[in-house]
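Just so we're clear, the structure is a prediction, and the values are computed from it rather than from any experiment. Computation of the quantities below employed the complete heavy-atom set of this structure, encompassing side-chain atoms and omitting hydrogens, waters and symmetry-equivalent molecules. Here is the naming used below: chain letters follow the sequence lines, and residue numbers restart at 1 for every chain.
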2 protein chains.
Amino acid sequence: MRISRSGSISGRGSAVGDVADDLAHEILTALTPGASLPSEAELASRYAVSRLTIREAVKLLAGRGLLDIARGRKAVVRVPDGTAFSDFLTSLLHNDSKSLFDLIEVRLSLEVQSATLAAKRANRAGIAAIESALRGMQDNADAAIKGDPAADRRFHDFDVGFHEAIALASGNRILGYLFEAMSTQLRHGIQISRRGHANRGHTLYDTIAWHERILEAIRAGNARAAGEAMRQHLKDTENDIRNALSNVADQAT
Amino acid sequence: MRISRSGSISGRGSAVGDVADDLAHEILTALTPGASLPSEAELASRYAVSRLTIREAVKLLAGRGLLDIARGRKAVVRVPDGTAFSDFLTSLLHNDSKSLFDLIEVRLSLEVQSATLAAKRANRAGIAAIESALRGMQDNADAAIKGDPAADRRFHDFDVGFHEAIALASGNRILGYLFEAMSTQLRHGIQISRRGHANRGHTLYDTIAWHERILEAIRAGNARAAGEAMRQHLKDTENDIRNALSNVADQAT
DNA sequence: ACTCCCAAACATATCAGATAACTTTGAACA
DNA sequence: TGTTCAAAGTTATCTGATATGTTTGGGAGT
C-alpha cells in the first residue's frame, strides 16, 4: 500500500485502502470530534468486507491520528491536535541533538510570528488568557525558588501555558497546533534549560520580566515590539539550553 | 488504544501497541530508509503473537508514515519526508478558506527564516541548486508566456524547486520537511495565484526578478536582505491569491 | 422512590487456519 | 546469452472462535 501525495491511502485493488479512504473522508466531512464510528461489525456489513479489513483500516486511521481506539468502546473521532505532527517530529528527531536545535530554530520563528499576530489580533479573552498564565507564574515563583517541587512544576506549566495562549491568540489555528506539537517535543529541552537557568544565575523573576514585556507589547497592540521581545526571550532560552547541554557534556567527560 | 504524549502508541495491555512501539523504535534506531522489515510470519514468531497482530501494528506504523506496504513485498522503511505532516494538515484544513490563509501565514514565516538562514549557511552546492532552479525558470519563461502549457508547468515546477532549494540550503532539516508538506497543501493555492498574476498584469519576469533578488542576497551572505526580499515576494504572492479568490467569488455571483 | 450492584448484551482484541493474488527468483529451454 | 515460466515467498483477505473490556438495564435492598 502506498500513501499518495494527496494524503489518501492508495487503495488501488486494496480493500483496506478503499475503506480507509472512505472512512477518512466521512470523518473529515460528516463527523464531529467526539462522535463515535459505527461498530466494526456494522462497518463490515456496510462495506461488505470482513471485520478484519475494517480493523486494519481503522488502525491505519488511528496511526494517522484521526481516531482514538479503546477496547470495548467504539472508535471515536479524535479532537484535532498537534499529536500527528508531534509523531511526525518524533520519527525525524530520534536522539539527534542537531535536530533539537533545528526544532528550536523553527519554534523561534513561529513564536515570534505568534506574538506579532497576537499583538495585532488578540481580543479581550485572548489577552485575559495570557494574563492569567502570567499571574500563575507570579503566584508560584516564590515557592518554586524556595524549592517546593510542586510549585516549581506549576510555574513551568504556566510558562508553557503563557506561550500557548499567545499562539492561540494569534488567531491562526495552525500556529496553535504546531505550538502544541513542538512544545511536546521541546519539553525535555526546556527542562534542561531550567537547569541552565540555575547555572547562569538566572532567576524565575527574569523569566517573568520577559513575559511581562511581551504581554505589555501585545496589550498595546505593538506588533513589532511583541515579536522582538519574544525573539530575545527565546534567544535567551536557546542559549540556556546550549549551555546546559555543554555542561552535561563536560560532566560526562 | 491511545496515542500518548510521547508519540508512542500506548500499549498497556495491547499486543498491537506493544509491537508497534517496539517496531517503531527499531525502525528509528536500527534500520535505514529503504531497508525491509522481516516478513510478517517471522515477526509473528519473534514477538510470539499471531500474524494478525503484526499486520495491525504494521498498518498503524504505515498510517504514521514510517513504512511503505505493498502486496507481495516486505514492508519497507520509508524515507522521511513531509507526508505525515501533510496528512496532518489535510485533516485540519478540509475546505476551510481561512485555513488556507493561516497556512500561507505560517509558510511566510518559515520561508523568511529559510532565506535568512540560507544566506548565513548555504554552501556552494546549496547555492548552485538555487541557481539551477532559477535558470530553469528563465529558460522556460518565454515559451510559457507564449502559451506553451508544458513550459508553463516546468516554470512552475522550477519555481517550487527554487523555494525548496532555499529551504534545504538553510541547513535545517525540519524546515525542509515542513516546506515539502506545506507546498503539497499550497499547490492548489499557488495555481490560483498564477491566475491572479494574469489578472494583475504581472508577468513571469516579475517573479524571476524577485527570485534573482533573493538569490543575490543569499549569495552575498546578507541574511537580513534575503529574509526581507523573501517576505516581500511572498506578500506579493499572498495578495495575488487573495485577488484571485475574490475574483472567483465575483464570477460565482 | 432511590441507590447500588451485577449479569447480560455489546464491542473490541487476539488467535488459528485457509485461500487468493502478487513478486521475486532461479532453473529450464531456445 | 537471453527469455520464459513455474515454484517459492509474501502479503491480502476471509471465516469462525475465544477472551476481555465497557455499557446498560433490571432487581435487590434500603
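With A/Glu40 as reference, A/Arg55 is the one residue of A/Arg73, A/Arg55, A/Lys74 to meet the salt bridge (Lys or Arg N to Asp or Glu O under 4.0 Å) rule.
Within 4.0 Å of B/Ser39, counting heavy atoms only, lie sugar-phosphate atoms of the nucleic acid but no base atom.
Regarding A/Glu42, its CD atom lies at a distance of 15 Å from the C1' atom of C/dT12, rounded to whole Å. Nucleotide D/dT13 holds its P atom 15 Å from the OH atom of A/Tyr47, rounded to whole Å. D/dA12 atom P lies 16 Å from atom CD1 of A/Ile54, rounded to whole Å. When rounded to the nearest whole Å, the span between CG of A/Asp18 and C1' of D/dT13 equals 13 Å. Between the CG atom of B/Leu43 and the P atom of C/dC15 there is a distance of 13 Å, given to the nearest Å. For the pair B/Leu52 CG and D/dG16 P, the computed distance is 17 Å after rounding to whole Å. As rounded to whole Å, 15 Å separates atom C1' of C/dT12 from atom CD of A/Glu56. If you take CD of B/Glu40 and C1' of C/dA16, they are 15 Å apart, rounded to a whole angstrom.
Remark: B/Asp102 engages B/Lys98 in a salt bridge, criterion side-chain N to carboxylate O under 4.0 Å.
Closest contact between the side chain of B/Thr53 and the listed nucleotides C/dC15, C/dT12, D/dT15 involves C/dC15. Taking only side-chain atoms of A/Lys74, from C-beta outward, the nucleotide of C/dT14, D/dC14, C/dA11 with the closest atom is C/dA11.
Between the side chains of A/Tyr47 and A/Asp22, at least one donor N or O lies within less than 3.5 Å of an accepting N or O.
Side-chain nitrogen and oxygen atoms of B/Arg71 include none within less than 4.0 Å of the OP1 or OP2 phosphate oxygen of C/dT23. Distances shorter than 4.0 Å separate none of the side-chain N or O atoms of A/Arg73 from OP1 or OP2 on D/dG21.
Contact annotation: side chain of B/Arg51 to base of D/dA12, donor-acceptor pair present below 3.5 Å.
Judged by distance alone, with hydrogens and angles left aside, the side-chain atoms of B/Glu56 form no donor-acceptor pair with the main-chain N or O of A/Lys59 at under 3.5 Å.
Using bins of under 30°, 30° to 60° and over 60° for the plane-to-plane angle, the ring pair A/Phe85/B/Phe85 lands in the tilted bin.
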